[in-house]
Amino acid sequence: MSCSRRDLLKKAMCGAVAASLPLTMFRFLSPAQAQAAVAGSGKVRWGFLVDTRKCVGCGFCVKACKMENEVPYDAPVTRTWVERYVVTRDGKTHIDSPLGGRDGFVSQKVGEETIPPEEITKAFFVPKLCNQCDNPACVQVCPVGATFQTNDGVVLIDRTWCIGCGYCIMACPYGVRFFHPIYKVAEKCTFCYHRISKGMVTACVQACPFGARRIGNLKDPNDPVTRAIMTERVAVLKDEYGTKPQVFYIGLDSNVR
Amino acid sequence: MTHELFVHGAEWTVKEFFVYPNEFIYWSIQIVLYPYMTGLVAGAFVLSSLYHVFGQQDIKDMARFSLVFSLALLPVATMPLLMHLQQPLRAGNPLFTPHFTSAIAAFGIVFSTYALIVMSEIWFVYRKYFVEQIEALKGKGAVAGAKRALYRVLAMGALDVSDEAVAKDKKAVKILAGIGIPVACFLHGYAGFIFGSVKANALWMSPLMPVIFIMSAVVSGIALCMLTYIVIMEWSKLRHKGEAAEIGGAEIDLITKTSRYLLGFLIAAITLEILDLIFRGYTAMKSWDILRSVMYGKDFVNIFVLQYGCGNLVPFILLLMPRLTIRRAVVALVLVLFGVFMMRWNVVIGGQAFSLSFAGYMHYHLPVIPHNVETFKEGLGGALLVGITPFVLFWGINKVLPSLKTS
Amino acid sequence: MKNHVLRPLWVAIAFVALIFLVRHFMVPKDFGIHGRNFTYGFYRLGAIDDWKAIPVKYRGMAGCGECHEDKVAEHQKGPHHIIQCENCHGPALAHPDKPETLPIDRDRGLCLRCHAGLPYPTSQRANLPAIDPDKHNPGAPCVECHNPHNPEM
């Protein structure tokens with residue numbers, strides 16, 4: 001009798017344990033791996049600097065991004081977008097981003113509202129893109145390891161392995177992720193990985209006529225972007241989530257969401 | 001919009017004020033059904049275990065039925081997920097490369113473990129029956145022969161029905177049911193964790209979420225078992241009217257007793273939900289403004305009228321009033337099931353009713369008439385398919401594993 | 001017959017073994033921990049190369065002068081020299097091989113991206129030469145009167 005009970009318990013335990021421990025789980029305990037993690041495995045950590053004071057809301061960055069990264073041009077989703085903030089005398093903040101700012105901002109109407117110029121106390125544009133967080137919540141929640149952080153800090157998606165559950169989309173506090181209308185997998189800004197890995201700048205940085213967007217290597221103290229981040233007063237978006245975003249902003253306002 | 005341009009979520013999301021461009025209601029009706037269905041599975045199993053483990057004799061008849069019913073519900077718990085996945089053919093990936101820091105990663109593993117437990121338990125419960133059938137169906141034509149062959153496979157060669165062997169079966173059932181309870185709770189609490197751990201979502205993020213999910217799961221599971229039991233018993237009473245005296249319809253005694261358990265779990269569930277609500281209001285974090293506008297404004301009817309009112313308060317009173325009748329019980333049970341469904345809805349859809357920017361809202365419009373695969377899967381059609389499947393499955397399984405004979 | 005109790009266990013083990021077998025064939029060999037830890041660096045190494053292999057489409061205005069010398073010279077002299085040619089003409093890819101020619105956008109919207117007047121204090125936009133699109137020669141393409149490459153001309 002007691003024998004069968006023990007066997008049964010064993011059965012359940014074995015089943016659960018065996019099923020829950022694929023061999024890959026142990027790999028990160030290997031000393032070499034652990035060391036690599038501690039040492040920091042590269043000389044590059046990509047970071048981004050947005051100067052909201054320089055942005056005029058022309059939307060060329062959004063246009064370039066969509067073309068460069070093959071995000072269907074007319075789909076309402078986009079890897080990067082530009083928001084318009086209009087703060088009025090009554091303390092209200094009016095925000096919009098028609099088509100993600102793809103066609104620029106050509107009207108004084110914010111959404112459906114026409115705001116008389118004399119009511120405006122401050123108004124500005126804020127470009128948004130993936131923050132390539134140091135602690136990306138989206139990566140943490142991917143059930144299959146289809147999204148990950150490269151050694152140079154960029155968060156990428158494996159289009160051949162993503163199951164399309166949408167958990168990463170839910171987990172991102174910045175709303176930068178979406179389902180790619182054609183590939184049907186999660187999609188997001190990659191800092192134009194195919195460009196930066198060839199020594200080019202991202203499509204949006206190149207497209208910006210006013211230098212409102214810049215990309216640089218945060219591990220290189222002589223990189224102008226790194227220097228600017230170190231010497232100027234910069235802020236990040238929603239740092240209360242503990243994601244440690246690596247896109248820095250100059251001239252951010254408390255109204256910015 | 002061309003077919004190519006289909007943007008997941010855009011079909012059923014209407015935005016108001018400022019919402020980030022990429023925000024849509026990505027998790028829709030199927031993700032409402034997913035915790036609802038796992039909840040039913042877990043609840044049905046817990047109900048059957050009350051008898052097998054704790055020897056609650058009063059619900060003996062229900063135990064066998066709810067065990068088999070939880071088997072019928074099992075595949076249905078995965079259905080919403082498969083329908084929801086953008087890449088359903090890769091559904092095996094979480095089993096192949098589980099990334100355990102994700103709350104979804106272990107789903108396949110926990111679920112399979114649980115499925116194995118349920119199936120083993122059923123095997124032990126029915127092994128004696130299999131052997132009897134193998135004997136009884138001997139040499140009775142082709143149909144019976146095929147059935148007999150099926151039973152032979154199911155018996156897996158274990159044909160010993162001596163008292164000693166059957167006693168072993170009983171013991172095994174008890175142990176499996178014992179292990180099954182925590183696993184069932186884990187399976188479901190973990191569905192709650194999937195939501196509760198999303199720090200980006202102001203409504204979901206709460207450590208209470210898993211516990212709330214377990215409680216309401218048990219509530220809905222018990223309610224569905226009772227309801228199905230009543231319907232089936234009354235149905236067979238109608239069909240066999242005046243025939244055999246042994247078919248007596250649903251027994252009010254059994255229903256009254258089971259409803260006690262239901263009420264207990266219901267109280268626990270409501271208490272936790274109210275606590276969660278009060279806590280959010282009292283601490284009034286940054287997100288409270290928009291949460292309040294959703295809960296007390298846009299979703300007021302859904303939350304306070306349909307979920308708490310119709311789904312909790314009314315059945316609570318109905319079940320507590322003395323001299324419970326079958327008819328009153330049915331009304332109460334339907335309302336309880338509806339209430340739990342609304343709770344899932346309000347969590348899943350309600351959690352996406354406001355933008356991450358806290359400056360806008362999203363409204364969900366359930367696609368009723370599908371015009372492509374996506375709007376079927378994530379629409380009324382897909383939901384009904386998921387809702388009907390367990391009953392079809394149960395009908396089939398019941399042909400092999402009769403679970404409705406009263407002792 | 002003694003241990004019929006164990007039979008479901010064999011089924012369970014067979015099931016787990018099956019998963020491991022399928023896993024062996026399904027999972028790419030370079031799947032593992034390559035980044036800083038299991039939480040953030042568990043992936044298929046080849047995925048990085050997949051991304052690197054994406055073709056570059058915007059190549060910048062450095063090479064345009066080879067063939068469009070006049071346009072570049074014109075463009076460089078005027079206030080629009082900060083604007084990439086490809087912003088207005090679309091990605092050049094392997095132009096002039098593929099595409100052989102680039103589109104020309106004469107839409108007013110192209111210019112209004114920057115020149116539609118928006119009275120926005122604290123924003124650079126307020127400093128750009130502004131017109132009211134409804135009043136400034138409505139209906140006529142801007143390039144009829146302005147040279148897009150060097151509007152000062």
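Ranked by heavy-atom pairs shorter than 4.5 Å toward chain B, the options A:Gly145, A:Gly164, A:Pro98, A:Ala75 are led by A:Gly164. For chain B, the option among A:Thr93, A:Leu99, A:Val256, A:Thr160 with the highest count of heavy-atom pairs below 4.5 Å is A:Thr160. Counting heavy-atom pairs closer than 4.5 Å to chain B, the top-ranked of the candidates A:Cys162, A:Ala137, A:Gly111 is A:Cys162. Ranked by non-hydrogen atom pairs under 4.5 Å with chain A, the options B:His84, B:Glu23, B:Gln87 are led by B:Gln87. When each of B:Ala359, B:Ala103, B:Gly178, B:Ala200 is checked for heavy-atom pairs under 4.5 Å with chain A, B:Ala200 comes out on top.
For A:Lys184 (side chain) and B:Gln86 (main-chain N/O), no donor-acceptor pair under 3.5 Å exists by modelled atom type. Under a 3.5 Å cut-off, the side chain of B:Asn22 and the backbone N or O of A:Arg79 do not form any donor-acceptor pair. B:Asn93 places a side-chain N or O within donor-acceptor distance of the main-chain N or O of A:Trp161, the cut-off being under 3.5 Å. In this structure a side-chain-to-backbone donor-acceptor pair under 3.5 Å is present from B:Thr101 to A:Gln140. At least one donor-acceptor pair under 3.5 Å links the side chain of B:His99 to the backbone N or O of A:Cys142. No side-chain donor-acceptor contact under 3.5 Å links B:Ser357 to the backbone of A:Arg257.
Neither the backbone nor the side chain of A:Glu187 comes within contact range of chain B; no heavy atoms are under 4.5 Å apart. Both the backbone and the side chain of B:Ile194 come within less than 4.5 Å of a heavy atom of chain A. Using a 4.5 Å cut-off between heavy atoms, B:Lys286 contacts chain A through its side chain alone, with no backbone atom that close. Interface residue A:Asp74: backbone and side-chain heavy atoms are both found under 4.5 Å from chain B. Contact annotation for A:Glu83: only side-chain heavy atoms (C-beta onward) come within less than 4.5 Å of a heavy atom of chain B. For B:Ala106, no part lies near chain A; criterion is any non-hydrogen pair under 4.5 Å. Contacts between A:Tyr183 and chain B at a heavy-atom distance below 4.5 Å involve the backbone alone (N, CA, C, O).
The environment of B:Lys199 atom NZ is dense: over 12 non-hydrogen atoms of other residues, nucleotides or ligands sit within 6.0 angstrom. By the 6.0 Å contact criterion, NZ on B:Lys174 is open, its count of non-hydrogen atoms from other residues, nucleotides or ligands being 12 or less. Other residues, nucleotides and ligands place no more than 12 heavy atoms under 6.0 Å from the CZ atom of B:Phe193. Around atom CE of B:Met205, no more than 12 heavy atoms belonging to other residues, nucleotides or ligands sit under 6.0 Å away. Residue B:Phe17 qualifies as open at atom CZ: its count of foreign heavy atoms under 6.0 Å is 12 or below.
Residues A:Val185 and B:Arg90 meet the side-chain proximity criterion, which asks for heavy atoms closer than 4.5 Å. Residues B:Ile104 and A:Cys165 meet the side-chain proximity criterion, which asks for heavy atoms closer than 4.5 Å. Using a 4.5 Å heavy-atom threshold, the side chains of A:Pro181 and B:Phe6 count as separate. Between A:Pro76 and B:Phe24, some side-chain heavy-atom pair lies under the 4.5 Å cut-off.
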Taking it one step at a time, do A:Val77 and B:His8 satisfy side-chain contact (heavy atoms from CB on, under 4.5 Å)?
-> CA-CA 10 Å; A:Val77 287; B:His8 184 87; over 6 Å; no
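To the nearest 0.5 Å, atom OG1 of residue A:Thr78 and atom OH of residue B:Tyr20 are 14.5 Å apart.
The shortest non-hydrogen separation linking B:Pro94 to A:Ile163 is CG-CD1, 4.0 Å. Nearest heavy-atom pair across A:Ser97 and B:Pro21 is OG-CG, 4.2 Å.
Partners of A:Asp90 according to the side-chain hydrogen bond (donor to acceptor under 3.5 Å, both in side chains) rule, which considers only residues two or more places apart in sequence or in another chain, are A:Thr88.
Listed in order of number, the residues of residues 166-178 of chain A that approach chain B to under 4.5 Å between heavy atoms are A:Gly166, A:Tyr167, A:Ile169, A:Met170, A:Ala171, A:Cys172, A:Pro173, A:Tyr174, A:Gly175, A:Val176, A:Arg177, A:Phe178.
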